Amino acid sequence: MYCNQPPKKPGDKKEVLQKITNMARANSLWVTAYGTGCGSIELRPLGTSRFDMERFGIAMRPTPRQADVLIISGYLATKTLKRVIRVYEQIQDPKYIMALGSCTINGGMYFDSYNTLNVLDKYLPVDVYVMGCMPRPEAIIDGFSLLMKKIKEGRAVGWKHYRENLDYYRENQKQIIKNWDLPDYNW
Amino acid sequence: MSILLTVVTALVWGLLLGGISRNVTAKIHGRVGPRVTQNFIDLWKLFRKTSSIHHGGMFWMAPLFRITGAIAVLLMVPVVVGHNINYNMSFAGDIFLLLYIMFFGCLGMALGAGNSGHPYSVVAISRGLAQMSSYELSFSIAVVAVAVGLHTLRIEGIVAAQQAGVSSWNIFRFPFASAGALIAFLPMQMAYPFSIVLAPQEIPIGPPTEYSSRFLSFMFSGRALFSVAKLLLFVNLFFGGASSWMALFVKTFLLYMYAIVVSSVFPRFRTEQSIKFLWLVPTTLALVDLVRVML
Amino acid sequence: MVKALAVFLPLLGAFVNAWLPGKHPKASRFVSYIILTAGLGFVVMLSLQLGAWNLEDLSDSVIFHSGVGVPPLSINLEITAGGTLVAIAMYLAVIFSIHRFALHTPKSQPLILAMLTASLGLLFATDIFNSFVFLEIGSIATIGLTAASKCGSRWEAAIKVALVSGLVTILYLLAVAVLYRSTGMLTLQALGTLTGGSAVLVSILLLTVIVTELKAFPLTGWGLDFYQGASSNVAGLYSATWSLAVLMWAARVLPLLPIGNPIIYAWIGAGGLVLSQLAGLRAGSAGRILGYSTSAYASLLLVAAGTLTGAFYTQTVLILMVFSSLAKFSLFMLGNPWKNRRWSGYGTILMLAPVLLLAGIPPLPVFWAKFAFLGYLASNFTVIFYAVLAGLFLEAVYLFRFWADRSEKIQLKPFSKPSATAGVFVILIAAVWITRLLWTQLDFSGSIVTSSTLRVIFHVLFGAGTLLCLPGVFNRIGSERNYWFWLLISGASLTLLPAAGNGITFYILWEISAFAAVVGVSRGSGARNGAFWYAVFASFSGYLLLAGILLSRGSFVMAGLPALLMTLAALVKLGQFGTHLWNVRTYPAAPGTMPAYLSGTASKAAVLLLVAVALNATGGALPWGRVMAWAGALTALAGAVLAALAPDYKKLLAYASVSQIGYILVGLGLASILGWTAAIYHTIHHMIFKMALFLGAASVLYRTGTTRFNNLGGLVKKMPLTFAFTLIAVISFAGVPPLAGFGGKWLLYNGLIEAGWLPILIVAMFASVVAFLYSYRLLHGVFLGQLSPKNAHAKEAPLTLLLPQGLLAASIMVLGFKPTLLLNILVPVLKAIPGLSGLAPVIQGDMVLTTMGTWNAWMVGIMVMVVFGIAFVFYWISGHKPKYVGQLDIGFAGEMPPSADEVHYSNNFYRPYERALAFLPRIHAEKLFHGVSKTFSMLGDGVRMLFTGDGRTYLAHSLLFLVLLFVFLNGGM
């Protein structure tokens with residue numbers, strides 16, 4: 001009868017509400033329709049009848065204001081990073097980033113390019129990485145499942161991390177983006 | 001209270017209808033489709049977003065206008081015929097009042113879109129207004145034809161005149177006017193091919209471009225309520241009203257499916273194409289009945 | 001002795017002066033002044049002795065006999081009371097202008113005094129040979145003066161006068177010879193004793209002489225060239241003295257000619273009036289324009305001689321001729337140079353008063369004479385009446401163009417002020433004097449609009465409308481001039497308008513308000529064109545109204561043609577059915593709160609006119625109600641479409657104005673209780689919201705300096721209150737419940753359904769939907785969207801403009817929630833009007849019921865407010881606070897928009913709509929109007945070909961005229 005953890009209070013309103021909210025967030029992921037790299041070609045078949053992402057509640061939204069997820073699909077050029085930062089900051093919390101391909105982890109095929117960045121996590125908080133070059137739609141759906149699981153467990157907190165460590169991210173971003181003309185707080 | 005019941009039912013039914021329609025569209029496309037309760041989930045997710053932005057006072061108030069407009073229209077239409085408690089506020093005005101109070105919500109939305117500062121929201125509004133002037137023409141001709149034909153402007157009167165069995169429904173008594181009004185129904189529901197206002201992915205999504213989280217959730221519920229209100233209106237005007245809740249659900253469902261089925265198979269018109277079409281086809285149809293009524 | 005001195009003193013002075021100028025210019029001027037003042041004194045004494053000042057009986061006279069024996073060895077003068085008044089005017093004109101001659105050409109002073117003598121002699125002569133002497137002196141003095149002036153084309157002018165005088169002399173002496181041979185006498189009365197062939201011959205000769213000397217059409221050519229060529233000083237003096245004298249002399253001689261049927265004069269005059277004024281439309285220089293005006297008055301004299309008799313004739317001719325000559329004197333004295341100079345208010349009146357007088361605007365003296373004269377014509381000589389009206393309208397058009405064009409370019413020379421001022425001063429004093437004498441003709445009992453509640457409604461409407469526009473006059477921008485005075489006059493006369501009891505009172509108040517508003521509009525910067533358009537259309541509608549009033553013999557109780565004319569007058573004033581062109585040019589040009597006044601208040605005068613006509617014609621229904629309703633509905637639609645495509649705030653509001661007034665027309669045309677309720681409800685409501693909108697436009701213009709949508713946007717941040725009031729007004733006129741506009745529409749639609757006019761109903765409903773387009777354009781283009789950095793300095797509107805807007809918005813809210821407050825007053829009144837058909841709406845508490853529909857504004861309003869409140873509370877308390885982001889932080893594909901100007905959508909706002917409408921050629925009203933004006937210009941050009949500029953041609957004209965007269969009269973007699 002001894003427990004190592006403090007007792008969970010069942011029926012705690014906040015707890016229940018949070019659970020329902022997390023379930024809702026997981027089952028209704030809205031993706032910003034922004035193809036940042038070569039992986040976005042694999043995003044298009046997701047909407048077609050063969051893979052049908054709509055059954056998971058995933059939908060493409062045309063503006064970042066109405067989206068939850070930003071998919072970094074492949075290598076990220078520094079030029080694109082500037083726009084992605086602005087788009088990311090225009091998405092409302094809670095927001096998640098899914099990164100496709102190995103270029104986002106360590107630079108992948110373009111690790112020695114002057115134009116791309118190697119470690120995405122330094123600049124934007126990533127929640128889920130999906131392997132492949134490029135990951136097929138099935139793999140992306142697998143990634144989405146992982147993201148949904150994380151959300152339901154309350155572990156997809158990249159956005160909180162970004163808010164709390166904005167200085168760190170900004171410093172990294174400014175280091176790599178030479179012509180920084182964005183405002184410091186974009187939202 | 002009947003009012004509260006009406007509003008809640010309409011909201012739930014509207015969202016449900018949206019979910020069902022997404023499934024129907026998906027099946028037409030050969031897909032699986034989302035859950036039937038998907039719209040509820042979307043709504044809750046939006047509502048529980050932890051941050052949102054606004055661009056000014058009018059922007060902030062626009063979803064309010066929209067919801068108020070939708071609820072106002074909803075309350076002005078008798079919901080279930082035969083039980084007076086379900087007539088809500090329809091004693092307070094007749095069909096002209098209804099036609100004009102439908103603009104209240106649109107006006108609010110337009111103002112919010114203007115205040116957002118995004119030029120494409122405004123583009124969408126201007127296209128929407130231009131199109132609205134076209135379909136309102138045929139709709140009002142149809143409504144006037146029906147009202148004058150039945151010698152009453154009050155909606156309860158129009159409904160009461162259709163209670164003598166299926167053959168007394170206005171769709172059979174005024175077939176041309178109903179046809180014109182049903183064509184005008186499509187742009188009202190922003191269904192393809194007349195979906196030039198929202199025009200997803202085109203501008204980018206019309207008036208709600210800058211709206212997010214809580215504002216968007218209110219807009220969604222407003223949209224659901226408004227759909228149900230318009231469906232109710234059409235059912236009362238042309239399909240004999242609903243003599244029970246079941247009949248209500250069935251009739252609105254069928255009418256909504258008509259719009260969904262049409263919109264699944266059409267692409268989108270250009271604005272001037274849709275304006276010209278709406279000026280020609282439904283107007284002529286409705287005029288036939290108007291002339292018939294005048295003579 | 002006094003009489004002789006009055007006439008011949010100037011001659012004496014002329015002789016004296018002939019010696020002096022060269023060596024002692026100051027002395028000669030002094031002598032002139034002494035002589036003139038003394039002469040004036042004597043004339044005044046005579047006039048008092050003859051009792052001329054009460055204008056009642058102007059034929060009292062005193063005979064003066066000089067010399068020995070009988071004429072032609074002596075000079076007989078009959079000094080009439082009317083003549084003394086004319087003489088006073090002549091003396092004043094000379095006194096006030098002789099200083100200019102004394103300075104520039106001192107040697108012309110004796111000539112001036114000689115001309116004055118000749119004028120006075122001609123005024124009073126009773127003997128035909130004495131008249132000839134004076135004619136000769138006058139002509140020679142004219143030639144001498146023209147040649148002595150320092151103007152470029154003086155020789156051309158002088159030679160024309162000489163040629164014509166020569167011919168006149170020949171013909172005249174022939175006539176005298178025949179007269180003497182036939183009767184043995186030389187008095188003017190002897191003309192009446194002629195019979196047979198000599199009567200015809202003498203009449204023809206003298207008529208030719210008169211028409212030539214008067215410069216009436218078709219013998220105008222030399223007069224136009226003279227006025228153009230002579231310097232403006234000479235021309236002015238000429239018109240004030242010699243021309244006036246010839247006119248008065250002709251007025252005396254024409255009735256005495258043994259011509260059989262004097263209607264000949266009227267035909268020559270009327271036809272000549274129309275043709276010469278057509279030519280006048282194409283006149284280019286100031287001198288020619290005033291020459292055409294002279295010709296017009298000469299033709300009027302001929303018409304008067306042909307139709308009027310007795311004391312009426314004398315009075316009319318006196319007033320018409322004296323004051324028109326004084327007006328031309330003032331206009332000539334303003335000079336003709338072409339340098340730009342800014343006008344002061346003083347200059348405006350100097351230029352304006354004579355123009356208004358020539359155009360016959362009340363309360364200036366010529367108006368009274370014209371009104372009485374035209375009234376007589378309308379009752380007895382209808383065709384001539386129409387011809388005269390047409391000619392007078394054309395004259396008004398080119399006079400106003402003269403004022404609009406020239407008044408920006410006239411430079412006030414240092415010496416022109418006193419002469420012109422003197423002339424205008426005399427005119428204004430005379431206006432007051434004559435108005436006081438004729439005051440009894442006016443009637444303020446209000447018996448035209450038979451229902452006193454309606455009268456009170458309109459009184460309140462006009463008064464409140466003026467007062468609300470007044471505070472804003474203190475906010476002037478740029479080079480706008482002060483217009484509060486004109487606004488006040490216009491508004492005051494409008495407020496009195498419903499109290500008018502007879503036609504003349506109505507007309508006077510109408511014209512005063514219209515033309516005071518014209519002047520008010522012209523005070524804006526660059527507003528001359530707008531003022532001109534307004535003046536032309538205002539005078540057009542004024543003439544239509546005048547025709548209607550006179551054809552119904554001065555009262556308002558009429559049917560048929562007079563009612564139709566008055567209806568047309570109202571439609572033109574409202575800008576309906578193709579006449580909206582002036583709206584579009586005037587409202588944007590008018591300064592400050594003038595457009596609010598014009599659109600909100602002044603146009604309601606036309607509505608009052610329609611109400612009055614309907615009430616008086618058939619007790620409430622007009623026989624052309626359906627046509628009027630169609631006109632109104634189509635205007636509503638066309639105006640709405642044009643407004644949606646307008647690029648400028650005030651232009652949009654101008655078109656919107658025209659469109660909304662169409663609804664009022666539909667309501668009035670219905671002639672049912674519902675229709676009239678809708679019309680009057682909409683009238684009140686239109687005044688409220690249009691005024692609020694225009695005041696908003698004035699605020700925006702005041703704070704940002706522009707009204708083009710391209711340059712505005714995003715002002716909601718800087719002017720939130722203005723936005724709120726404009727929003728309320730916009731929601732209201734779009735007809736969205738729960739605000740006030742819906743009521744008017746609902747009543748109108750019910751009325752249309754009741755009458756069974758379904759096509760008009762459809763057009764009206766369509767127009768009201770299109771109204772949404774331009775109402776959104778208005779709101780977005782100015783207040784929403786992106787704020788341009790150019791306008792970042794804008795602040796909230798000043799209190800003088802904000803308070804009236806707030807009041808108006810509050811009244812919209814009240815009227816929207818509780819329309820029964822107004823309907824409870826209106827419906828019983830309208831039920832009592834016998835001519836209105838249909839059923840009245842039943843008002844039960846807050847609910848309004850008609851046969852087919854119901855409306856409960858209070859419940860609807862409450863419902864909307866409650867729902868809004870509950871939703872608001874729910875909205876507010878749910879969750880976190882949203883964050884305000886800057887205006888450039890929009891989802892712009894990841895980019896930052898470079899500046900606000902690039903992301904504000906305002907140009908070609910309804911381009912898809914334009915494209916959809918492309919099958920309709922551009923709206924036709926402009927084309928129709930241009931076609932009409934081109935036709936008139938062509939006609940005018942055709943007539944102008946007569947005036948070749950060659951003096952010999954003019955002689956040929958005179959001889960041809962003589963021959964034609966011989967042919968027609970000999971055959972006729």
Side-chain angles (χ1 to χ4, degrees), chain A residues 14 16-35 44-69 87-96 141 148 151-152 156-157 159-160 162-163 185-187, chain B residues 15 18-19 21-55 59 112-113 116-118 120-121 124 198-217 219-220 264:
Chain A
K14 273 247 169 199
V16 165
L17 196 63
Q18 196 58 36
K19 270 188 111 147
I20 300 179
T21 308
N22 285 343
M23 289 242 317
R25 284 179 186 156
N27 282 323
S28 151
L29 281 172
W30 283 359
V31 182
T32 320
Y34 185 11
R44 307 296 177 245
L46 271 183
T48 58
S49 41
R50 184 157 175 169
F51 301 105
D52 192 22
M53 59 183 180
E54 203 187 3
R55 58 195 155 127
F56 303 111
I58 303 173
M60 290 281 181
R61 300 305 287 181
T63 91
R65 296 277 184 216
Q66 297 175 358
D68 311 315
V69 184
V87 165
Y88 179 68
E89 289 172 356
Q90 282 183 337
I91 304 179
Q92 301 304 309
D93 297 332
K95 48 194 171 185
Y96 319 103
I141 292 180
M148 295 201 301
I151 294 174
K152 281 183 201 165
V157 287
W159 53 280
K160 276 195 195 152
Y162 191 75
R163 269 186 190 258
Y185 301 102
N186 241 341
W187 61 76
Chain B
L15 293 170
S21 75
R22 280 166 85 168
N23 269 298
V24 169
T25 316
K27 295 292 191 291
I28 295 181
H29 289 173
R31 298 184 281 126
V32 175
R35 301 181 182 77
V36 178
T37 52
Q38 183 64 39
N39 275 1
F40 292 95
I41 301 177
D42 286 340
L43 200 69
W44 187 245
K45 176 207 78 172
L46 284 173
F47 192 70
R48 292 290 298 167
K49 277 240 183 194
T50 55
S51 78
S52 62
I53 57 105
H54 74 100
H55 281 285
F59 184 90
S116 73
H118 204 292
Y120 289 140
S121 317
L198 276 189
Q201 315 294 10
E202 194 178 322
I203 44 174
I205 195 164
T209 303
E210 281 294 307
Y211 280 93
S212 58
S213 46
R214 186 155 51 99
F215 302 108
L216 199 59
S217 72
M219 282 220 165
F220 256 34
S264 321

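Here the structure is a predicted model, which means the values were calculated and not measured. Chain identifiers are assigned alphabetically (A, B, ...) following the order of the sequence lines, protein sequences preceding nucleic acid strands; residue numbering begins at 1 within each chain. No hydrogens, no waters, no symmetry mates; every other heavy atom, side chains included, goes into these values.
Of all heavy-atom pairs spanning V32(B) and D52(A), the tightest one is N-OD2, 3.0 Å. Here the shortest heavy-atom pairing between A24(A) and I41(B) reads O-CG2, 3.4 Å.
In terms of heavy-atom pairs under 4.5 angstrom with chain B, the leader among P64(A), P62(A), A59(A) is P62(A). Each of L216(B), L43(B), N23(B) has some count of heavy-atom pairs under 4.5 Å with chain A, and the biggest count is that of L216(B). The choice from H118(B), R35(B), H29(B) that makes the most heavy-atom pairs within less than 4.5 Å of chain A is R35(B).
Interatomic distance, L29(A) CG to K45(B) NZ, rounded to the nearest 0.5 Å: 7.5 Å. Atom OH of Y211(B) and atom OG1 of T63(A) lie 12.5 Å apart (nearest 0.5 Å). Once rounded to the nearest 0.5 Å, the distance linking OG of S213(B) with CG of D93(A) reads 9.0 Å. The structure places CG of L17(A) at 5.0 Å from CH2 of W44(B), a figure rounded to the nearest 0.5 Å. Once rounded to the nearest 0.5 Å, the distance linking CD of Q38(B) with CD1 of I58(A) reads 9.5 Å. The distance from the OG atom of S51(B) to the NZ atom of K95(A) is 6.5 Å, given to the nearest 0.5 Å.
The environment of M23(A) atom CE is sparse: at most 12 non-hydrogen atoms of other residues, nucleotides or ligands sit within 6.0 angstrom. Within a 6.0 Å sphere centred on CZ of F59(B), heavy atoms belonging to other residues, nucleotides or ligands number more than 12. Other residues, nucleotides and ligands place more than 12 heavy atoms under 6.0 Å from the NZ atom of K27(B).
With sequence neighbours left out, the side-chain contact (heavy atoms from CB on, under 4.5 Å) criterion links S49(A) to R31(B). Partners of D42(B) under the salt bridge (Lys or Arg N to Asp or Glu O under 4.0 Å) rule, at least two apart in sequence or in another chain, are R22(B).
If you measure heavy-atom distances from A26(A) to chain B, you find no contacts under 4.5 Å at all. For chain B, no part of N22(A) is nearby; none of its heavy atoms comes within less than 4.5 Å.
Checked by atom type and distance alone, the side chain of Q92(A) never pairs as donor or acceptor with a backbone atom of L46(B) at under 3.5 Å. A donor-acceptor pair is defined here as one N or O able to donate and one able to accept, closer than 3.5 Å; no such pair exists between the side chain of R48(B) and the backbone of I20(A).
You'll find the side chain of R65(A) stays beyond 4.5 Å of the side chain of S116(B), heavy atoms only.
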